[in-house]
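Residue numbers run from 1 in the order of the sequence given. If you're wondering where the values come from, they're calculated on a predicted model, not measured in any experiment. When a ligand or atom number is given, it counts from 1 through the structure's own listing order.
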Amino acid sequence: MTNIGILGAGRVGTNLAGKLSAAGHHVTIGGRSPEDTAARTVGLDPRIAFADQRSTARTTDIVINATPGDSSLERLTDLRTELSGKILIDVSNATHDAADGLPGDLCYPGSSLAEKLQAALPDTHVVKTLNTMLFMVMTAPETLTTPPTAYLSGDDEHAKRTVTGLLGDLGWQPERIEDLGDITTARATEAMILAVPHILRRHGFKPIAVSLAR
Ligand SMILES: NC(=O)c1ccc[n+]([C@@H]2O[C@H](COP(=O)([O-])OP(=O)(O)OC[C@H]3O[C@@H](n4cnc5c(N)ncnc54)[C@H](OP(=O)(O)O)[C@@H]3O)[C@@H](O)[C@H]2O)c1
């Protein structure tokens, strides 16, 4: 059982919270207004706790960033003390919206949010994963006809092993987890998001992942 904090209570954050709590972890969702977040997410596993984002980062052992990626760098840098010594799992996509609200351009071309976070948080182990799929696939990879891939990027091997264990709790088989290497490899998976809006426009909001075929 791990004490997991999830920053952001959107579709990604609540979906991950439900599955990780069901797997036996102690989950706290960090929202901007914990009471509003709790009221908005009635029906979630009642064991899930709610707190503000700073308390969530301070009181948990592994923190997942499920907040908007275009403003994550400033938000998480401000939590540097609270995140010190911990694993930060970044599942966000840092993009500027296109006119229809879907992801458009990358915020950090030639780099990545994950690299920026690692540089800003040297005492934190940043691991990038799960940003290359729609939220429902993150916790139910077995539901896709073509087996999806969960990529991993991060500098710390122990942190990546820990995250691999959590991915297992979310339903990911080891052979579908692809460790790409250090944190600079996140610029590849963050760029994969650029394919997604075109697919959604053509096929609608149906479960998809950008995966590796062999
Ligand atoms: N949706 C997907 O299928 C998908 C797939 C892959 C990756 N992602 C990435 O995962 C992240 C979360 O996506 P999402 O679709 O769940 O929803 P989202 O609309 O990006 O926001 C998630 C939550 O973050 C919090 N938040 C919003 N603005 C904030 C701010 N300025 N400061 C602090 N917290 C703020 C809100 O929670 P509170 O109101 O409780 O504070 C909100 O519900 C994004 O970076 C997205 O790019 C999404």
Do any pairs count as a salt bridge (charged side-chain N to carboxylate O under 4.0 Å, His left out) and have a residue in residues 95-122, sequence neighbours left out, and if so which ones?
-> Asp100-Arg201, Glu115-Arg187
Give every residue pair that meets the salt bridge (charged side-chain N to carboxylate O under 4.0 Å, His left out) criterion with at least one member in residues 47-59, sequence neighbours excluded.
-> Asp45-Arg47, Arg54-Asp78, Arg54-Glu82
Greater than 12 external heavy atoms within 6.0 Å of His96's NE2 | yes
N-O pairing of Arg214 and Glu175 below 4.0 Å = no
Of Val27, Thr28, Ile64, Ile6, the residue whose pairing with Thr56 passes side-chain contact (heavy atoms from CB on, under 4.5 Å) = Thr28
Salt bridge (charged side-chain N to carboxylate O under 4.0 Å, His left out) pairs, two or more places apart, involving residues 127-142 | Asp90-Lys128, Lys128-Glu190
Near ligand 1 (heavy atom, under 4.0 angstrom), the protein residues are Gly8, Ala9, Gly10, Arg11, Val12, Gly31, Arg32, Thr37, Arg40, Gln53, Ala66, Thr67, Pro68, Gly69, Arg75, Val91, Ser92, Asn93, Asn131, Met133, Leu134, Phe135, Met138
